[in-house]
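Source: prediction; values computed, not measured. Both ligands and their constituent atoms are indexed starting at 1 by order of listing.
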Amino acid sequence: MKKTKIVKYPDPLLRKKSQEIKDITEDINELVETMVKVMEKEKGIGLSAVQIGELKRVVVINSGEESQVFINPKIEQSSFKKEILEEGCLSFPELFLKVARPRFIKVSALNLKGQKLDIKAQGIMARVFCHEIDHLNGVLFIDRLSFLKRLKVRKALLNSK
Ligand code: CO
């Protein structure tokens, strides 16, 4: 495996939109392999390709027992009901914030064989999907805070430099 570093805030790459995957090529397989290794090494529960510098719509999630791959994941439905829980991000070391996320979601995606997946997720898994799919759209968890809280966090992040 190539040595891979996590792209960290405020790297402008994190604000870019990732590209849809048209063909699941050998390169995509290699990318996934690297992502899984990085996620496991960093003990993350989710990782998006942009976080290792590839603007591709690929997400890996560790559900506890195993790592799963989601290509072109898309939120199809989300519950009106939200849940507020503390959340972290490998691109923001040591920052944990309470973020409101839908309690239930439905996600469509492809697996590495190109087969369509329809996933229902709730609780922490729903949260991880929302967080990682946000990354694919250049959206970060600090954007999901209320306006006042966001100002506070921005200030703290600037002062920590
Ligand atoms: Co993240």
Side-chain angles (χ1 to χ4, degrees), residues 1-21 28 31-76 78-79 82-110 117 119 121-147 149-158 160-161:
M1 181 179 101
K2 286 176 290 178
K3 230 177 151 190
T4 310
K5 268 211 191 145
I6 302 265
V7 177
K8 304 228 166 87
Y9 182 85
D11 193 312
L13 199 68
L14 292 173
R15 289 302 187 183
K16 298 242 160 80
K17 207 176 151 151
S18 294
Q19 304 260 307
E20 190 106 359
I21 306 299
I28 298 297
L31 171 65
V32 165
E33 208 176 296
T34 307
M35 286 172 68
V36 168
K37 282 184 186 154
V38 170
M39 177 175 64
E40 287 173 355
K41 189 175 136 252
E42 304 285 336
K43 303 196 184 346
I45 51 175
L47 187 75
S48 57
V50 57
Q51 290 179 283
I52 60 161
E54 293 275 348
L55 286 169
K56 301 207 160 79
R57 299 189 87 80
V58 179
V59 158
V60 293
I61 291 179
N62 189 318
S63 59
E65 301 118 51
E66 49 166 3
S67 298
Q68 287 176 289
V69 184
F70 303 95
I71 313 270
N72 300 335
K74 185 171 172 247
I75 295 175
E76 300 290 349
S78 51
S79 66
K82 295 201 173 169
E83 194 165 54
I84 299 173
L85 277 176
E86 201 159 78
E87 201 172 298
C89 178
L90 293 177
S91 296
F92 291 79
E94 284 157 50
L95 182 66
F96 296 91
L97 299 169
K98 283 188 173 163
V99 183
R101 300 279 189 188
R103 209 175 270 205
F104 301 98
I105 55 165
K106 282 186 184 168
V107 176
S108 67
L110 299 177
L117 306 172
I119 306 118
Q122 56 172 308
I124 290 187
M125 277 302 120
R127 177 169 299 272
V128 178
F129 271 110
C130 291
H131 180 115
E132 299 310 330
I133 293 171
D134 270 354
H135 271 301
L136 304 185
N137 297 318
V139 175
L140 301 170
F141 75 149
I142 51 171
D143 306 333
R144 296 292 185 190
L145 303 171
S146 66
F147 181 70
K149 234 175 156 198
R150 197 155 71 230
L151 283 183
K152 242 176 151 178
V153 168
R154 285 253 169 88
K155 230 182 186 173
L157 284 170
L158 284 174
S160 72
K161 279 190 186 80

Counting only heavy atoms not in Ile124, do more than 12 fall under 6.0 Å of its CD1?
no
Could you name all protein N, O or S atoms found under 2.8 Å from the Co ion (ligand 1)?
Cys89 SG, His131 NE2, His135 NE2
Parallel under 30°, tilted from 30 to 60°, perpendicular over 60°: which one fits the rings of Phe129 and Phe70?
perpendicular
The single option from Leu47, Leu31, Val60 that satisfies side chain to side chain contact (heavy atoms under 4.5 Å, CB included) with Val36 is Val60
In plain terms, say whether Lys5 and Asp11 are close enough for a salt bridge, that is, a side-chain N and a carboxylate O under 4.0 Å apart.
no
Can you find a heavy atom in the side chain of Arg144 that is under 4.5 Å from one in the side chain of His131?
no
Is the count of non-hydrogen atoms from other residues, nucleotides or ligands lying under 6.0 Å from Glu20 atom CD greater than 12?
yes
